[in-house]
Amino acid sequence: MSHVAGRPVASREPEAEPHGDPAAAEAPVQVRGLVKKFGTFHALDGVDLTVERGTVHGFLGPNGAGKSTAIRVLLGLYRASSGTVRVLGMDPGRRPSEVTRNVSYIPGDTALWPNLTGRQVLDVLAGLRGRRDAAREEELMERFSLDPTKKVRSYSTGNRKKVMLVAAFAAPTDLLILDEPTSGLDPLMEQIFQDCVEEASAAGRTVLLSSHILSEVERLCTDVTIIKDGVVVESGSLARLQHLAAVEVTVHDDDETLARLAADLAGSGIDTRLAPGESPRGALDFPVDRARLPVVLAKVAVAGSTDVRVASASLEDLFLRHYEVDAR
Ligand SMILES: Nc1ncnc2c1ncn2[C@@H]1O[C@H](COP(=O)(O)OP(=O)(O)OP(=O)(O)O)[C@@H](O)[C@H]1O
C-alpha cells in the first residue's frame, strides 16, 4: 500500500459527474421524505434535508435522533427504505462508490486499520478516492500535529480522528460530510478544525456537520437542521431560526417595581419565572415569544422601568426547547 505514498494516485474509474453538468447546479445534498427502517423501527421517518452549495450546514439532534443513520444513507452505506436522496446529483443507493469517492466523509466511529501507520492510512484513502493533494496533506498533518509514522494501534482517539480530518480536508472534494468530527479533540485542535472548516467554506466547498458542540455549530454554520426521533423539528438559516424563536427579556429595577411588573405580566399570561412570594432580587429574566414582545415592553413602560435588555435566542435555547420536550 505504501507504494502510492507521496505522489498523486491515478483515477481508476471515470469521474462521477463532471462540473458543468446540470447536476452541479442543484443543491449538493437533497433529501425528500427519507424513511429508514431497521425491522419495524423507524430510525428516520420522512426526513427532508437540503444542503445548499457553499453553506456550512449544522445537523443536530439528541443521542439516537438519527443523524448518523441519515449520513450513512447519504454515503450509500445504508439503503433508504423509501424517499429520494441525491448527493452531488447522484443517488447514493445506486452509485455508492462514486458518491464516496467524491465526498470527504468523517464517520462518527473512527475505526482504522490498526497495523498501518497514519501515512499508510492516508495512502489507502487517497488510493480509494483516486485523487490526492499530497502537499495539502503534509500541511494539514503539521497543523494538526500528527505524526504519520506511528501505527494506528498506538494512536490515541484524538490522533485517529486527526488522520481522518487530514484526509477529509486535504482531499480535492466539493462536499464534506462530517459526523461528530471533533469528538476526542483537545481545545487547541478543535480551534484548528474550525479554521479548516472556515477555509473550506471560503474556498466554496459545502459542509454538512453533525455535532453536539453548539458553540462550534454557532460559530461555523449558516444553516441548521435539528432532528429528533427520526423527524426534522427545525430547519433553516440559523439567523432566521433564532429570529423566530423566543427572545430573552431582562429587566433591572427595585424589587417592589419588579414584583408589580411580574404580577402585571402574569395577568396577561406571561410567565416571568418568578414563583409566588419569591423576591425578584433586582432582576426579572424570562423568555417570551417574539410576537408577545410589544405587550411585555408596554407593561415595562407602564412600570416605569428603563433598564431593559432583549436578546435573541441562542442556538442552545433553540436546541434545548426540543430536549426539554423529551425530558417531560
Ligand atoms: N444498524 C442498526 N440497527 C438497528 N438500529 C439502529 C442501527 N443503527 C442505528 N439504529 C438505531 O437508529 C436510531 C438512530 O441512531 P443514530 O446512530 O442514527 O443516532 P444519532 O442521532 O447519530 O445519535 P448520536 O448522537 O448518539 O450519535 C437509534 O435508535 C439507533 O439505536
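Heads up: numbering here begins at 1 and tracks the sequence. All ligand and atom numbering here is 1-based and tracks the order in the structure.
- Nearest residue to atom 19 (O) of ligand 1 from G61, G66, G39 is G66 (criterion: closest heavy atom).
- Here the CD atom belonging to E138 is positioned 14.0 Å from the CZ atom belonging to R143, to the nearest 0.5 angstrom.
- More than 12 heavy atoms of other residues, nucleotides or ligands shown are found within 6.0 angstrom of CZ on R153.
- Scanning all protein heavy atoms for the shortest distance to atom 14 (C) of ligand 1 gives G64 O, 3.3 Å.
- Atom CZ of F144 and atom CG of L185 lie 7.0 Å apart (nearest 0.5 Å).
- For the pair E248 and R273, the salt-bridge criterion is met [side-chain N within less than 4.0 Å of a carboxylate O].
- Within the listing of ligand 1, atoms 21 (O) sit less than 4.0 angstrom from a heavy atom of P62.
- Annotation for ligand 1: atoms under 4.0 Å from non-hydrogen atoms of Y78 are 1 (N), 8 (N).
- Considering S183, G108, S68, S211 only, the shortest heavy-atom separation from atom 22 (O) of ligand 1 involves S68.
- Each of the atoms 11 (C), 12 (O), 13 (C), 29 (O) of ligand 1 lies under 4.0 Å from some heavy atom of F41.
- Protein heavy atoms come within 4.0 Å of atom 27 (O) of ligand 1.
- For ligand 1, the atoms sitting less than 4.0 Å from at least one non-hydrogen atom of N63 are 23 (O), 24 (P), 25 (O), 26 (O), numbered in the order shown with element in parentheses.
- Residue A65 approaches ligand 1 through these ligand atoms, each under 4.0 Å from one of its heavy atoms: 19 (O), 20 (P), 21 (O).
- Around atom CZ of R309, no more than 12 heavy atoms belonging to other residues, nucleotides or ligands sit under 6.0 Å away.
- Among all heavy-atom pairs drawn from R205 and F169, the shortest one is NH1-O, 3.0 Å.
- Put simply, the side chain of R136 reaches to within 4.5 Å of the side chain of E139, judged on heavy atoms.
- With salt bridges taken as basic N to acidic carboxylate O contacts below 4.0 Å, one links R219 and D195.
- The distance from atom NZ of K150 to atom OG1 of T117, rounded to the nearest 0.5 Å, is 12.0 Å.
- Polar contact check, R72 against ligand 1: no nitrogen or oxygen pair lies under 3.5 Å apart.
- Protein heavy atom closest to atom 5 (N) of ligand 1, with residue, atom name and distance, is F38 CD1, 3.4 Å.
- Proximity to A43 (heavy-atom distance under 4.0 Å) selects the following atoms of ligand 1: 12 (O).
- At least one heavy atom of E180 sits closer than 4.0 Å to an atom of ligand 1.
- Not a single protein heavy atom sits closer than 4.0 Å to atom 30 (C) of ligand 1.
- Below 30°, between 30° and 60°, or above 60°: for Y78 and F38 the angle between ring planes is above 60°, a perpendicular geometry.
- Of all protein heavy atoms, the one lying nearest to atom 16 (P) of ligand 1 is T69 OG1, 3.6 Å.
- Atoms of ligand 1 found under 4.0 Å from any heavy atom of H212, numbered from 1 in the order shown, are 25 (O).
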